[in-house]
J.: 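Quick one: the structure is below, and I'll ask about it shortly.
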Number of protein chains: 2
Amino acid sequence: MPKKIEPVPPPATKGERTRAAIVDAALKLFHKHGYDGTTMREIANAAGVSLGNAYYYFESKEHLIQAFYERTHLEHLVACERVLAREKKLEGRLRGVLLAKIDTAEPYHRISGILFKTAADPKSPLNPFSPASEPVRREATDLMRRVVEESSNKIPTDLREKLPELLWLYEMSVILFWIHDESKGRARTRKLIERTVEMLAKLVMVAGLPLMKPLRSSALSLVDELKHDALPPGG
Amino acid sequence: MPKKIEPVPPPATKGERTRAAIVDAALKLFHKHGYDGTTMREIANAAGVSLGNAYYYFESKEHLIQAFYERTHLEHLVACERVLAREKKLEGRLRGVLLAKIDTAEPYHRISGILFKTAADPKSPLNPFSPASEPVRREATDLMRRVVEESSNKIPTDLREKLPELLWLYEMSVILFWIHDESKGRARTRKLIERTVEMLAKLVMVAGLPLMKPLRSSALSLVDELKHDALPPGG
DNA sequence: GTCTATAACCGGATAGAC
DNA sequence: GTCTATCCGGTTATAGAC
């Protein structure tokens, strides 16, 4: 189950090589001894650089996490291409994207706990709701937009517009669950995905019924309002 | 907006007094300089004990947070009594309980970020899903059980049974939102509560319709299954 | 100006004496 | 139960090499 962690391919300038060496060393050590069980001194050592040098490239130990995050996101995107090419209905697309997420992230399950720990701190730039995370958030919702927009389902347009963001929130919840999931093969998370995706698909269909219109509108307008005054003009 | 933090009343044995002094000092300092801005040495100092002694009473700095958590929970319970005596319908009861939560927690808003930070760590005993948190979780769901069971609404019995746990999850989400809310008077959280409570009430009513039966059942059985194999026999 | 290294500093945590 | 002394590791200051 724990796949190997592959060193990333092409170094370029000297600096880039050093940087990559540090990330590789860090990921390997994190994998072996966990985040707290790995010291910056060990990472520097394994990468063949001095402690101070490691800090030249990475502001802090936590910033090494961001590097790991970028890697998994890329791997996820790649894995999603096949899924999105294959699946045409919302349910299949969503299920595939989520399963791809937990599969590509599997080698990093241990580390991910720490990621979420720091990510949950409102002050941390790694926090997914922070302005600093805008690019990452954008990429993730863009993926969900593809899940929705190219799907063949009939979805009320007002809902269709907001769905990518709502699905991103849903994805975050699934990940949170996954982090706490110690079951064999992440069976519990798989079950959660299977069943909630099914329910969401049903829900989206039901949401189109005339009866549901008021509930749907108030839900969607709430999302709008909250998003609108989330960040004052400049943030 | 930032109310005073009251020292807790009655000391008893010497140990209890020392313990209380440490908690009081910690809460005051956290409030003034934030969690990271406060050192254990300062806390010990302010409490008039040595550093080592502080660690005799509290395993770690994080464990001081649990003390704070217990305090706010008690204050919340007290505030809820009036609400539950007054409100008879689900919507009013739920709204009142949530507003009481963010009002009583207001003086601790700054610290709460850290609470959630550690809470998101699967390894932390402070994590609300951990076995160690069972008592706290129990108390919180019990409160929600009162919200539901003594409410005058008609609710399908299968849903009524699971609702307390679901509402607890909902409460956690609201708190997560609140932690990130820097708006004046926590206006955004208030809006979120107002609108989602309204929607939930509608949803609970709609859930009783024959049309919704399959969706409702699959949702409820999922909750059951996931809860069931959450903890293997001994955990 | 880009990169690297050494030597501190600081604060959370622990050991062990009283 | 309380203290003092110490460890350990993240982080910073700073000096210098390429």
Side-chain angles (χ1 to χ4, degrees), chain A residues 11-68 111 113-115 117-119 121 123-126, chain B residues 11-68 111 113-115 117-119 121 123-126:
Chain A
T13 76
K14 175 125 161 282
E16 285 307 311
R17 261 198 311 280
T18 309
R19 186 186 196 81
I22 295 169
V23 174
D24 282 341
L27 289 188
K28 258 179 231 148
L29 287 169
F30 287 166
H31 196 240
K32 227 189 297 183
H33 311 296
Y35 181 82
D36 287 329
T38 306
T39 72
M40 283 298 278
R41 285 160 176 89
E42 287 169 340
I43 294 172
N45 233 324
V49 301
S50 73
L51 177 63
N53 200 8
Y55 274 98
Y56 174 80
Y57 286 99
F58 295 93
E59 259 184 61
S60 73
K61 195 178 173 186
E62 283 187 4
H63 277 75
L64 279 166
I65 293 175
Q66 209 153 28
F68 132 80
I111 317 175
I114 310 293
L115 175 73
K117 183 183 155 122
T118 72
D121 180 358
K123 265 129 209 105
S124 166
L126 271 65
Chain B
T13 77
K14 173 126 163 283
E16 286 306 311
R17 261 197 313 279
T18 309
R19 186 186 197 83
I22 295 170
V23 174
D24 282 341
L27 289 187
K28 259 179 230 148
L29 287 169
F30 287 166
H31 196 239
K32 227 189 297 185
H33 310 296
Y35 181 82
D36 287 329
T38 306
T39 71
M40 284 298 278
R41 284 160 177 86
E42 287 168 340
I43 294 172
N45 234 324
V49 302
S50 72
L51 176 63
N53 200 8
Y55 275 98
Y56 174 79
Y57 285 100
F58 296 92
E59 260 185 60
S60 75
K61 196 178 172 186
E62 284 187 3
H63 277 75
L64 277 166
I65 294 175
Q66 208 154 28
F68 130 80
I111 318 175
I114 311 292
L115 176 72
K117 183 180 154 127
T118 71
D121 179 1
K123 265 127 209 107
S124 167
L126 271 65

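Quick note on labels: first sequence line is chain A, next is B, and so on, each numbered from 1. Computation of the quantities below employed the complete heavy-atom set of this structure, encompassing side-chain atoms and omitting hydrogens, waters and symmetry-equivalent molecules.
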J.: According to the ring-ring contact (aromatic ring centres under 6.0 Å, His included) rule, which pairs have a member within residues 32-68 of chain A, sequence neighbours left out?
T.: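 Every ring-ring contact (aromatic ring centres under 6.0 Å, His included) pair that includes a residue of residues 32-68 of chain A, provided the two are not neighbours, is A/F30-A/Y35, A/F68-A/Y108.
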
J.: Provide the full list of salt bridge (charged side-chain N to carboxylate O under 4.0 Å, His left out) pairs with a residue in residues 57-67 of chain B, sequence neighbours left out, each pair given once.
T.: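 Residue pairs with at least one partner in residues 57-67 of chain B: A/K117-B/E62.
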
J.: If I take atom CD in residue A/E59 and atom C1' in nucleotide D/dT11, what distance separates them, rounded to the nearest angstrom?
T.: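 A/E59 atom CD is separated from D/dT11 atom C1' by 11 Å.
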
J.: Can you give the first and last nucleotides of DNA chain C, 5' to 3', that have an atom under 4.0 Å from a heavy atom of chain B?
T.: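 Nucleotide range in contact with chain B: C/dG11 to C/dT14.
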
J.: Is it true that a side-chain atom of A/E16 and a backbone atom of A/T13 form a donor plus acceptor pair closer than 3.5 Å?
T.: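 Here the side-chain-to-backbone pair does not exist.
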
J.: What residues, two or more places apart in sequence or in another chain, satisfy side-chain contact (heavy atoms from CB on, under 4.5 Å) together with A/S50?
T.: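 Here the qualifying residues are A/N53.
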
J.: Going from CG on A/L64 to CG on A/L29, what distance comes out if it is rounded to the nearest 0.5 angstrom?
T.: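 Reported to 0.5 Å precision, the distance equals 10.5 Å.
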
J.: What heavy-atom pair brings B/A47 and B/A21 nearest, and what distance separates the two atoms?
T.: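 That closest heavy-atom pairing would be CB-O, 3.7 Å.
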
J.: How many angstroms lie between CD1 in B/I22 and CG in B/L27, if you round to the nearest 0.5 Å?
T.: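 The CD1 atom of B/I22 sits 12.0 Å away from the CG atom of B/L27.
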
J.: Mind listing the residues from residues 48-58 of chain B sitting with a heavy atom below 4.0 Å of DNA chain D? Number order is fine.
T.: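 DNA chain D contact set from residues 48-58 of chain B: B/V49, B/S50, B/G52, B/N53, B/Y56, B/Y57.
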
J.: Map every base of DNA chain C to its dot-bracket character, where paired means a Watson-Crick or G-U wobble contact with both distances under 3.5 Å and | marks a partner outside the strand.
T.: ||||||||||||||||||

J.: Considering non-hydrogen atoms only, spot the tightest contact between B/A54 and B/M40 and give its length.
T.: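 Heavy atoms of B/A54 and B/M40 come nearest at CB-CE, 4.4 Å.
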
J.: Hey, could you give me the CD1/CD1 distance between B/I111 and B/I65, rounded to the nearest 0.5 Å?
T.: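 If we round to the nearest 0.5 Å, B/I111:CD1 and B/I65:CD1 are 8.0 Å apart.
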
